[in-house]
Number of protein chains: 2
Amino acid sequence: MYLRALIGLAEDGTTTCSSEELAASAGVNSAKLRKDLSYLGSYGTRGVGYDVEYLRYQIAREIGVTHDWPVVIVGIGNLGHALANYSGFRSRGFRVVALLDADPSRHDEVVAGLDVRSFEDLESIVTEHDVSIGVIATPAVASQSVADRMVAAGITSILNFAPSVLSVPDGVDVRKVDLSIELQILAYHEQRKSVATGTEGVS
Amino acid sequence: MYLRALIGLAEDGTTTCSSEELAASAGVNSAKLRKDLSYLGSYGTRGVGYDVEYLRYQIAREIGVTHDWPVVIVGIGNLGHALANYSGFRSRGFRVVALLDADPSRHDEVVAGLDVRSFEDLESIVTEHDVSIGVIATPAVASQSVADRMVAAGITSILNFAPSVLSVPDGVDVRKVDLSIELQILAYHEQRKSVATGTEGVS
DNA sequence: AGGAGTTTGTGAACGGGAGAACAAAACGGC
DNA sequence: GCCGTTTTGTTCTCCCGTTCACAAACTCCT
Ligand SMILES: NC(=O)c1ccc[n+]([C@@H]2O[C@H](COP(=O)([O-])OP(=O)(O)OC[C@H]3O[C@@H](n4cnc5c(N)ncnc54)[C@H](O)[C@@H]3O)[C@@H](O)[C@H]2O)c1
Ligand SMILES: NC(=O)c1ccc[n+]([C@@H]2O[C@H](COP(=O)([O-])OP(=O)(O)OC[C@H]3O[C@@H](n4cnc5c(N)ncnc54)[C@H](O)[C@@H]3O)[C@@H](O)[C@H]2O)c1
């Protein structure tokens, strides 16, 4: 988030910023920001602040987005299409190298300039492009088997959009994005608001 | 997540489960599960476990998904289409009542059985359907102005997919889903793996 | 009826993130 | 060259979520 805020500041022509300004752009407390940055090193100047371009590079280097990461997306349905068409990944250091789907009727399609290919091609694509990050956008029932194949093919980081709990060997990272849960959390707070005001009490 | 795990167990015909089983389904520690459930009440039976159907209802009641929540989606581009077409929201207690977009050329379209309507209709739709939850799937530059309009119209919970920091009045909840950040976190861990093994050291 | 075996609910310990506060360091003016 | 001002880097404290561990409670078998 700090990296994104710095890119925004750089685009606005800002060359230097204080922890206070940067924290405001990122939506956090300035003490937290300074502490977070201190884990990377002492890249600021006391009395002055941080050099936007310099700090931007240091953070990018630390999180490993100085070079592009190849990514494969499996499951080119509603969500897979959106992800494939999303330009933001490219500009943030990720390059979608392949779109895979188990349904042969999808293999004719070209999405975002890429052929949708057979899931069977996973291993060869991973080897060819040295892919370590995979995105799962299949239905929940298929997600575990897709994850297993990914791991066997050599992928060691998985972003899972299916509402499922994946089990993977040690050394493989999984992050889950669960949109229904996000809405449910909002609904929970909404309900508490209405109960508090008595607008919509549930018997 | 517990609710989802319970629904899965119920579909499998399980009528009773222990904290250990349910925790495994949800991917958490069993002590944590028991403590979490204890905040809702004592719905288990010692020596036996939890009644799946009963606990399912109790959790659903607590988080407020016993009745449907109306939702509006603003920004019917790549992501908005996917969200509108997603059937999982409906089955988890959410009903998309309107799709809004600022671009008039999109207003002809019908997505998932709903007309794409003008963003100007926001206020009347919110009032008519008593909507309290809004989803923002517009570009980042538009997200703050969309959020402001939503809040003015009476929406008090926002799910934001744009990579932006929204500022809203007290009493309004915002949750942010940031897919690029998720990938960056995976890339960071990937980089650390390669540095550790010396495969891909960065000078 | 009573004891063995299970499983929940919860008190206590632990760990870590977040914020307040302040010393150290850099800059600028004179 | 020195002092006041600004802002970072870091320490200390607080608070909250997670986990362990165990007593209480329930079932089943004899
Ligand atoms: N669409 C959304 O906005 C949305 C929102 C939240 C969560 N999700 C989740 O994301 C996942 C995808 O959603 P969707 O709406 O795109 O579904 P979808 O049905 O439109 O697409 C799923 C795609 O996966 C492919 N597939 C199925 N099994 C496969 C396998 N074993 N290997 C490879 N490909 C396979 C199908 O052919 C299909 O093209 C689901 O798990 C869903 O719950 C989607
Ligand atoms: N597509 C993805 O998979 C993806 C992934 C991560 C994040 N995002 C984020 O989600 C957002 C949407 O992404 P997208 O790919 O769907 O973009 P998109 O450009 O395809 O769609 C954006 C839509 O918003 C509409 N819009 C613009 N300004 C508006 C306004 N003021 N009011 C109402 N509607 C307005 C546009 O007409 C367009 O239809 C972006 O912020 C993007 O960064 C998308």
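Numbered from 1 within each chain, the chains take letters A, B, ... in sequence-line order.
OP1 and OP2 of C:dG19 both lie 4.0 Å or more from every side-chain N or O belonging to A:Lys32. For A:Asn29, a side-chain nitrogen or oxygen approaches OP1 or OP2 of C:dA20 to under 4.0 Å.
Annotation: salt bridge (charged side-chain N to carboxylate O under 4.0 Å, His left out) contacts involving residues 40-60 of chain A, sequence neighbours excluded, comprise A:Glu53-A:Arg56. Listed by first and then second residue, the ring pair (Phe, Tyr, Trp, His ring centres under 6.0 Å) pairs involving residues 12-56 of chain A are A:Tyr43-A:Tyr54 (not counting sequence neighbours). Sorted by first then second residue, the side-chain hydrogen bond (donor to acceptor under 3.5 Å, both in side chains) pairs that include residues 80-90 of chain A, not counting sequence neighbours, are A:His81-A:Glu109. The salt bridge (charged side-chain N to carboxylate O under 4.0 Å, His left out) contacts involving residues 151-161 of chain A comprise nothing, where partners must be two or more places apart or lie in separate chains. The stretch residues 21-34 of chain B participates, sequence neighbours left out, in these salt bridge (charged side-chain N to carboxylate O under 4.0 Å, His left out) pairs: B:Lys32-B:Asp36.
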Next item on the list: Let me have a per-nucleotide readout for nucleotides 1-10 of chain C, 5' to 3', with B, S or -, counting only protein heavy atoms under 4.0 Å.
Entry: -----BBBBB

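With sequence neighbours excluded, no residue forms a side chain to side chain donor-acceptor pair (under 3.5 Å) with B:Asn29. Remark: A:Asp68 pairs with no residue by the side chain to side chain donor-acceptor pair (under 3.5 Å) rule, at least two apart or across chains. A search for side chain to side chain donor-acceptor pair (under 3.5 Å) contacts involving B:Ser157 returns A:Glu190, not counting sequence neighbours. By the side chain to side chain donor-acceptor pair (under 3.5 Å) test, A:Asp178 pairs with B:Arg4, sequence neighbours left out.
Atom CG of B:Leu100 sits about 7.5 Å away from atom CZ of B:Arg117, to the nearest 0.5 Å.
Taken residue by residue, residues 164-179 of chain A places no heavy atom nearer than 4.0 Å to DNA chain C.
A nucleotide of DNA chain D counts as in contact with chain A when one of its atoms lies under 4.0 Å from a heavy atom; the first and last such, 5' to 3', are D:dT6 to D:dC12.
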